[in-house]
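This report refers to the structure that appears directly beneath it.
These values consider heavy atoms only, across backbone and side chains, with no hydrogens, waters or symmetry-generated copies. Quick note on labels: first sequence line is chain A, next is B, and so on, each numbered from 1.
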Protein chains: 2
Amino acid sequence: MAKRVEAKASLPSPRKSPRPPKRAPKRAAERIRESARDLFYRQGIRAVGVDEIVSHAGVTKPSLYRSFPSKDELAADYLRHMGEDGLARFDATLAANPSDPRGQLRVWLVQLQAKSAKRDYRGCGTTNAAVEYPDRKHPARKVASDIKGRFRARLTALAARMGARKPDRLGDALLLLFEGVYASGQLFGAGGPARVVIEAADALIDHHLKR
Amino acid sequence: MAKRVEAKASLPSPRKSPRPPKRAPKRAAERIRESARDLFYRQGIRAVGVDEIVSHAGVTKPSLYRSFPSKDELAADYLRHMGEDGLARFDATLAANPSDPRGQLRVWLVQLQAKSAKRDYRGCGTTNAAVEYPDRKHPARKVASDIKGRFRARLTALAARMGARKPDRLGDALLLLFEGVYASGQLFGAGGPARVVIEAADALIDHHLKR
DNA sequence: GATCTATGTTACCGATCGGTACGTCACCTG
DNA sequence: CAGGTGACGTACCGATCGGTAACATAGATC
């Protein structure tokens, strides 16, 4: 389950003003989170040991295990944070101009395409985690499935706002395309198939709007 | 590099007729290959230890290391075999009716869609391996990149045979779709986005043929 | 200052990792 | 039968895996 662990700044009564907890409350757990995020995304979860994480974070192992019950739960926490951030960024991009969903999707796609062309692009950390942990009972896999399901729902809603006759089918078609960008981006690099994603998305949207 | 290791049947001089090597030459190496193929695909390469492989194959570790120089090379061999088989199946499907490339692609897609809907579908082992081994110097990753590059070339050639004005762009768009099926198939299972892949492929092909 | 709590550190655990030294056994050749 | 040739198995290697016990230390509260 891995309920969030930090946030102990708020439990002492808010009397003294200057600095309630200041030193400790942020250090270990948050540094571990940041290190895990970097290392897990770039190298994969299974490839990174807890020793490497704590060493990268400048802390020691017991500090990790006081904030996270296990490596699996740390991985789940990593996926939860990354997934929520990703969904929030997607929402924010779409919300920037609510009257033009198609144009805003294009904005998001331009960013995705740019990222996918960078060397050492590693695709979607959520998808990668599902590849690394096929067992559906695994904590990391459960978070990955949850995030992906919510992203799929957003694409269906977006397709509806664009006026698709079958929004769920357009949403799914777009999701196929995006997952293709994640995979082929890390496989082929800059000149890879991801270069055509915007044209392809346009074609699929047109297909679902006309007629 | 991992040059194939078996094939020692041919080196004794062909004098005696009945059975030159008979007992040993197939057993250990091939059993290991089959076990590795099953276990690597279903659980992932990193998740499977050499002990599990040899135990599943009913042999012992030294037998593995006599036929394969390392686990990494065994993984590369697994990817090489699976990739070649996959490319050959693709070619065979297309060759079954050379005058109708679009129809034959649809045949291949129907099969892909059916596989992707089965429970415990694990996507494309080649893509999965690239996710597990981001290091481009890794033997498994090199094989994965090679296979994917050849598949991409086939899709471009197929798009050309279908009469696309920009075959490389249609081929890449289709590849995005297929990689999306691999990923979303194992993420969402039977009712997932892969259900729309045929309609989406049709829309993309139409887009590249008309005008 | 005494105490409590939360965080940090040293040193260690058993299990498992990929990999190997070495002996055994079956079989073919002389 | 003597000896060579491979394939196979027993038993083991050091390294690393995820995880923990025991102790030190610093800050807040009384």
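When the ring-ring contact (aromatic ring centres under 6.0 Å, His included) test is applied to Phe90(B), the partners found at least two apart in sequence or on another chain are Trp108(B), Phe151(B). With sequence neighbours excluded, no residue forms a side chain to side chain donor-acceptor pair (under 3.5 Å) with Glu132(A). Partners of Phe40(A) under the ring-ring contact (aromatic ring centres under 6.0 Å, His included) rule, at least two apart in sequence or in another chain, are Tyr78(A). Partners of Asp38(A) under the side chain to side chain donor-acceptor pair (under 3.5 Å) rule, at least two apart in sequence or in another chain, do not exist in this structure. For Lys166(B), the side-chain contact (heavy atoms from CB on, under 4.5 Å) criterion is met by Asp168(B), Arg169(B), not counting sequence neighbours.
Between Ile32(A) atom CD1 and dT9(C) atom C1' the separation is 13 Å, expressed in whole Å. Atom CZ of Arg66(A) and atom P of dA22(D) are 14 Å apart (whole Å). Distance Lys71(A) NZ to dA15(C) C1': 15 Å, rounded to the nearest Å.
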Could you give the side-chain donor-acceptor pairs of residues 113-120 of chain A under 3.5 Å, partners two or more places apart or in another chain?
unit_1: Gln113(A); atom_1: NE2; unit_2: Ala194(A); atom_2: O; d: 3.1
unit_1: Gln113(A); atom_1: NE2; unit_2: Arg195(A); atom_2: O; d: 2.8
unit_1: Ser116(A); atom_1: OG; unit_2: Gln113(A); atom_2: O; d: 2.9

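Residues from residues 130-138 of chain B that place a heavy atom under 4.0 Å from any atom of DNA chain D: there are none. Contact check of residues 51-64 of chain A against DNA chain D (heavy atom, cut-off under 4.0 Å) returns Asp51(A), Lys61(A), Pro62(A). Of the residues in residues 39-48 of chain A, none lies under 4.0 Å from DNA chain C by heavy-atom distance.
Look at Tyr65(A) and you won't find any side-chain N or O under 4.0 angstrom from OP1 or OP2 of dT20(D).
Listed by first then second residue, pairs satisfying ring pair (Phe, Tyr, Trp, His ring centres under 6.0 Å) with a partner in residues 112-141 of chain A read Tyr133(A)-His138(A), not counting sequence neighbours. Annotation: salt bridge (charged side-chain N to carboxylate O under 4.0 Å, His left out) contacts involving residues 183-193 of chain B, sequence neighbours excluded, are absent. Here salt bridge (charged side-chain N to carboxylate O under 4.0 Å, His left out) pairs that include residues 39-65 of chain B, with residues two or more places apart or in two chains, are Asp51(B)-Lys61(B).
Using a 4.0 Å cut-off between charged side-chain N and carboxylate O, Glu179(A) and Arg152(A) make no salt bridge.
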